[in-house]
Amino acid sequence: MTAPSTPPHPPEPAAHRYDAQRAARIETAWQDRWAREGTFVTPNPGEPNFDPSKPKFYCLDMFPYPSGAGLHVGHPEGYTATDIICRYKRMRGFNVLHPMGWDAFGLPAEQYAIQTGVHPAKTTRQAIETFRRQLQRFGFSYDWSREFATIDPDYYKWTQWIFLRLYHSWYDRAADRARPIADLVGALERGDLAITPSGDLVPASHAPASLLGEPVGVRLWHELSQDERRAFLDRQRLAFVGEQTVNWCPRLGTVLANEEVIDGRSERGGHPVHRRALKQWMLRITAYAERLARDAAGLDWPESTRTMQIEWIGRSEGAEIDFPLHGRDGSIRVYTTRPDTIFGASFMVVAPEHPLVDEILAGPGEADADVEAIGRYVAAARARADVDRMADAKEKTGVFSGLHALNPATGTPIPVWIADYVLMGYGHGAIMAVPAHDERDLAFAERFGLPIRDVVYSRTALAMRHFALHAPEPLRAEGRWIVALADFLGLVTTESIEPPGFGRAMATIASRRADEPDPTTCHIDPATYATELPGAAGADGTGGRRGVTRLTWLDAIETLGFTSFDDLAERFLAAGFHRAAHGAFEATGFAANSSSDQLSIDGLRTPEAKEAVIAWLERVGLGRRRVNFKLRDWLFSRQRYWGEPFPIAFDARGHHHPIDDAALPVLLPDLADFRPPESDDPAPMLAAARDWLHTTAAEAPVSTLPPESPLRREANTMPNWAGSCWYYLRFCDPHNSAAFASPEALAYWMGSTGIDLYIGGSEHAVLHLLYARFWHKVLFDLGLVPCPEPAARLFHQGMITSYAYQRSDKSLVPADAVDEPSPGRFVERATGEPVVQTIAKMSKTLKNVINPDDVIAEYGADTMRLYEMYMGPLDASKPWNPRDIVGCHRFLQKVWRLLIDEQTGTPRPPASAADPAVERALHRLIAKVGPDIERLAFNTAIAAMMEFIKTPGGGGGGGGGAGGAEGLTRDQAERFVLVLAPFAPHLAEELWSKLGHDRTLAFEPWPAFDPAMLRESTVELAVQVMGKVRGHITVPADADHASVERAALAEPRVRELIEGKTVRKVVVVPGKLVNIVAG
RNA sequence: GCCGGAGUGGCGAAAUGGCAGACGCGACGGAUUCAAAAUCCGUUCUGGGUGAAACCAGGUGUGGGUUCAAGUCCCUCCUCCGGCACCA
């Protein structure tokens, strides 16, 4: 430090420069002040300071799971976006609800506890502290007074309470909504409803006709025993106990997700995993399948997310059909979307898990069943997880069951096979196989030599068949038939002749002389006949010589490979066209080969054929129309410690009872050891808390039972999703102890459309967002929330990636071990070997993780916020480039220098008169930034601000160290600061205060702009000749079409180019350009 | 395999069918400075052309199409990213 010999330094030229240290001082000071003054504490309706005249804006971030690793640069991306919107909306006069909390139950904390023995509550609380500290350093305008975590007993009390609402509700199909189960009991007691033997509810007034024409055992409530009543009601509940097959790993003592099981062994440790059926709580989300799919279509959500949800729900329309077993009692029920192909069902396939398979294995065995082979196949198939079964789906496997079923349409016995390409989880775990019209069935049929029959043809194929079966003798002649067929197909397609007209068309062809050219010759679009006849030449569009129909069809016929007329006829007679031509025909068309003495659908189009088959099935009682969904009920039990306990206890007979509402929450018992015990039997973790587990009706309490009744608590816990399903509701009224939120708070903040803007990652596109919608709809049905959907507008921020470096052998080099000796060339420091720069997710192993704390230390929070928003479009994934941040920091420095004297730290003297150019630029800026914020286009808003600050003091070269504050008046400076405020709130507050204001700018009105100021008196237009810019003209902004045209044509360069040409057309686009078409 | 999304300078990117590359980074040149940092100014798609300009030609993954006009709309193919995967 001491250097007496050096000459004295001149005074530090910029004692008051905006740098990281100053940014840190400004930022923490303002954060303290906002906290101290409660600037962003938002009152609820009815509370002091609440202004009911303002509209509301509820803006929510997906709350984070606070991991021990702390905040990641991905987190603040979405949070900065919502913060900008919220600050903007406050300035636009909205009451803004902008809360933050913690999704804190979950596996990582539990696994950490297993390793270290530290209680998850402790590690989770520490992680929350870290997260809160890190978030607050960004200066986000959250109302921290509303903060909570899902692990707070005061919160999960209400999670349990909502679970009990599901438990106490049923889905009323007639009303198409959930209702309290007490209503159902009432209706049953009054005798309004009765119960069919299959457990369905029907109005007692009209007992339904039997499916099989036999009398039906519809029963009334009073005819049921206590146990029957209980069993019936339990089957109706939205929360019910069901049996699910799970992956149980005895060694780890836990259930594993499919993705954690690899080749029948656990991913962690490689221990054996068994498929075990387990009784668990399920939530009946399937009851809402229709509404969840329908309502998804109307939301302002990303198209991709809506599509994913709709496909996940997977609605399909079809029929449920019973195939009676041949030679024994019983039937196999299948679901099909193509009942019209029933005549082509030449075998059946049941899943290895199908109940019938157990019967076969248990029974004496059918005459031709190889029970041993079946046993082996089934055991092998069941051991494999669904994922693995699907992985090698190409090669079909299966085994004959020894049984036959009767195809109800043809009356023919067809074999029943067992194969794992049929899944128990969808439909009824059994299919009717129609190999001519389903690729999978075809592959299976070919593998095992099963019959394949066409029952649907495209119109062209049908015409071909008509020709094969009905062509008059002369047309069949060697040498003639191909041309005749080509002409016939040409005529049918070009004239769009429907099947009833085939006879007449044939007569037309037959009446021609053999050598006569085809009079229908005309253009044919290859795509048209490609869709009509897949597999034909030209189906890919290449062979379609535009032009001659006959040639086209000759090509097509040749590709199909018929060698003679007899060959053609034979293929159709054997109903084997599709297989020979191109594999399974899965499209719609016309039914064929589909007649019996009971039913004929030949010639019907697919939709009508479906209707006819369904009508017939319903008439004879062998099937019915059915809408099916891929969506399955939600498995809601976890054999974990760190989750919400269920408010349920079981009595000695195993019947479940709800804990009294008034006694909630059921607290999570303390455990000392979080290691799951090794066990062959799946056992939930909480069973280890023996004192807690065993209780009585008085203690639990369950007031519907005698007080001394012994009870065993439900020892499973709820899944991670439970807490995140409704947190947005609690934020409306987080400290309410009488309700999960007051109706008034919900009515105000949720309104009729819910959250106004919800931002979070697209990885939650299906599960969280679908589960939350489901809970919301249940609460809506029960009258507990005012709107049918949780969020009107949803947006997914993109992922922030980072650079990673690959050696030539593709192995990865940590980012901090790489040098860039020259631009674009990267070498590994240790070896000097060149490496390739790639873009990858941030991960510890790549050592390319950016820590927000470090970035803030280097540049300040305002700079980091600005950079994250400036990187690119919010929804795009984009790489973090440390080199680019400095641009945003310099921008803030320039803003500072524009208004503050760096020598003294005091405001620079403002311009005394407004420069009209600056004023116009400011209006343009205001006009751009507002709408850009509304559409979340922060990158372009920031670019506009950067552009603006170049205006004042620019032009005239007032540059140099002096900057150019003399270019801005006080009023202009203030308006600019307000525009900047949502993006860099700390700096803006500091400037605002230095400009002489003592109150926060958070509620200052957003500056207005005058549209008249956006208009220039003259505009420069580009002049194009034939679409190429050849010059520019300057015309009055309000110049009319004719004068603009005149000016353009008078432009010397234009005159030169159109010399000797005729001006055919002049296009004038006002304010943009003129295009002269000459030739 | 299927369904999404995306391919634009050296890099991040911008562009209601209307002058491609705004804005930022980097690079290069200059000013300031004893010097540096910082700051300020200028240049920066490619090729041709010029002392410098003007100007000319080409250019938004590929090939076609629609249009007075295409990064943008339509079709083909290629590549990358994300999701789903025998759903009867």
Side-chain angles (χ1 to χ4, degrees), chain A residues 7 13-14 17 19 302-305 307-308 311-312 314 316 318 334-338 341 349 386-387 389-391 393-394 396 419-423 425-434 438-441 443-444 527 540-542 628-630 762-763 765-766 799 801 823-824 837 839 867 870-873 875-888 890-891 893-894 897 902 937 939-940 942-947 950 957-963 1020-1032 1053 1064-1078:
Chain A
R17 166 158 299 165
D19 56 16
E303 185 63 43
S304 56
T305 298
T307 308
M308 278 168 74
E311 288 194 354
W312 186 268
S316 68
V334 302
Y335 172 76
T336 176
T337 54
R338 290 297 298 269
T341 62
V349 183
D386 284 358
V387 186
R389 274 161 63 166
M390 292 164 192
K394 295 285 170 286
K396 292 278 179 287
D420 64 5
Y421 81 92
V422 171
L423 307 176
Y426 184 77
H428 299 283
I431 60 157
M432 65 175 206
V434 187
D438 184 289
E439 290 290 355
R440 297 155 300 172
D441 296 347
F444 193 83
D540 56 359
T542 51
N628 210 32
F629 296 93
K630 280 194 256 185
S762 59
E763 66 272 22
V766 176
M799 201 192 333
T801 52
Q837 190 184 48
I839 287 171
Y867 174 61
Y870 186 66
M871 289 169 79
D875 56 354
S877 115
K878 47 222 167 227
W880 182 277
N881 189 346
R883 200 199 249 169
D884 287 344
I885 307 169
V886 68
C888 291
R890 282 182 200 152
F891 165 65
Q893 284 183 326
K894 286 178 202 165
R897 196 159 47 232
E902 289 192 335
N939 52 335
T940 51
I942 295 166
M945 289 188 278
M946 289 176 167
E947 217 169 346
K950 293 200 291 196
E1020 193 187 50
L1021 302 184
V1023 182
Q1024 297 182 332
V1025 178
M1026 302 302 289
K1028 287 186 191 301
V1029 179
R1030 298 301 187 180
H1032 290 90
R1053 175 84 189 129
R1064 300 191 188 285
K1065 188 175 178 181
V1066 178
V1067 181
V1068 176
V1069 182
K1072 297 278 186 185
L1073 54 68
V1074 183
N1075 190 11
I1076 296 161
V1077 187

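All values reported here derive from a predicted model rather than from experimental measurement. Lettering of chains follows the sequences in order, A, B, ..., and the numbering in each one begins at 1.
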NA contact type, [X], heavy-atom cut-off 4.0 Å: base, sugar-phosphate, or nothing?
X	result
A:Gln1024	base
A:Asn1075	base
A:Glu1020	base
A:Ser762	nothing
A:Lys630	base

Return the nucleotide paired to [N]: Watson-Crick means purine N1 to pyrimidine N3 with N6-O4 or O6-N4, wobble means G-U with N1-O2 and O6-N3, both under 3.5 Å.
N	answer
B:U67	none
B:C80	B:G5
B:U16	none
B:G26	B:U44
B:U50	none

If you pin A:Pro873 and A:Thr307 to their nearest nucleotides in RNA chain B, which one's is more 5'?
->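 Result: A:Thr307.
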
5'-most contact on RNA chain B: A:Met871 or A:Glu311, nearest heavy atom basis?
->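 The residue whose closest nucleotide sits nearer the 5' end is A:Glu311.
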
Is there a side-chain contact between A:Thr336 and A:Val434 (heavy atoms, below 4.5 Å)?
->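 No - every pair of side-chain heavy atoms lies 4.5 Å or more apart.
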
Within a strict 4.5 Å, meaning less than it, do heavy atoms of the A:Tyr426 and A:Asn628 side chains meet?
->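 With C-beta onward as the side chain, the pair touches.
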
Below 3.5 Å, does any donor atom in the side chain of A:Tyr335 face an acceptor in the base of B:C87, or the other way round?
->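 Answer no: no donor N or O sits under 3.5 Å from an acceptor.
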
Suppose you measure atom [atom1] in [N] against the same atom in [M]; what distance do you get, rounded to whole Å?
N	M	atom1	answer
B:G26	B:G21	P	22 Å
B:U62	B:U72	P	11 Å
B:U8	B:C80	P	14 Å
B:G49	B:A37	C1'	41 Å
B:G65	B:C77	C1'	15 Å
B:C23	B:C34	C1'	37 Å

Phosphate OP1/OP2 of [N] contacted by [X] side-chain N/O (<4.0 Å):
X	N	result
A:Arg883	B:G24	no
A:Arg890	B:G26	yes
A:Thr940	B:A15	no
A:Lys1028	B:C55	no
A:Asn939	B:G24	no
A:Arg897	B:C40	yes
A:Lys950	B:G24	yes
A:Tyr426	B:A88	yes

Quick one: A:Lys1072 NZ to B:U72 P, roughly how many Å, whole number?
->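 Rounding to the nearest Å, NZ of A:Lys1072 and P of B:U72 are 18 Å apart.
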
Distance, rounded to the nearest Å, where A:Glu947 contributes CD and B:G21 contributes C1' =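 In whole Å, B:G21 C1' and A:Glu947 CD are 13 Å from each other.
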
Chi class for B:G9: syn within 90° of 0, otherwise anti =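 This nucleotide is in syn.
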
Excluding sequence neighbours, so at least two apart, what forms side-chain contact (heavy atoms from CB on, under 4.5 Å) with A:Pro873?
->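 A:Pro873: side-chain contact (heavy atoms from CB on, under 4.5 Å) contacts with A:Asp875, A:Ala876, A:Asn939.
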
Could you state the interatomic distance from CZ (A:Arg1053) to NE2 (A:His1032), rounded to the nearest 0.5 Å?
->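 Going from CZ on A:Arg1053 over to NE2 on A:His1032, the span is 13.0 Å.
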
How long is the span from the CD atom in A:Glu902 to the CG atom in A:Asp19, to the nearest 0.5 Å?
->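 Answer for the CD-CG pair, A:Glu902 versus A:Asp19, is 9.5 Å.
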
Minimum-distance pair of heavy atoms, taken over all atoms of A:Met432 and A:Val334 |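 Result for this residue pair: N-CG1, 3.7 Å.
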
Would you indicate which nucleotide in B:C23, B:A13, B:G4 comes nearest to any side-chain atom of A:Pro879?
->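 The answer is B:A13.
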
Does A:Gly887 offer a backbone N or O that forms a donor-acceptor pair with the side chain of A:Tyr867 under 3.5 Å?
->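 No; zero donor-acceptor contacts below 3.5 Å.
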
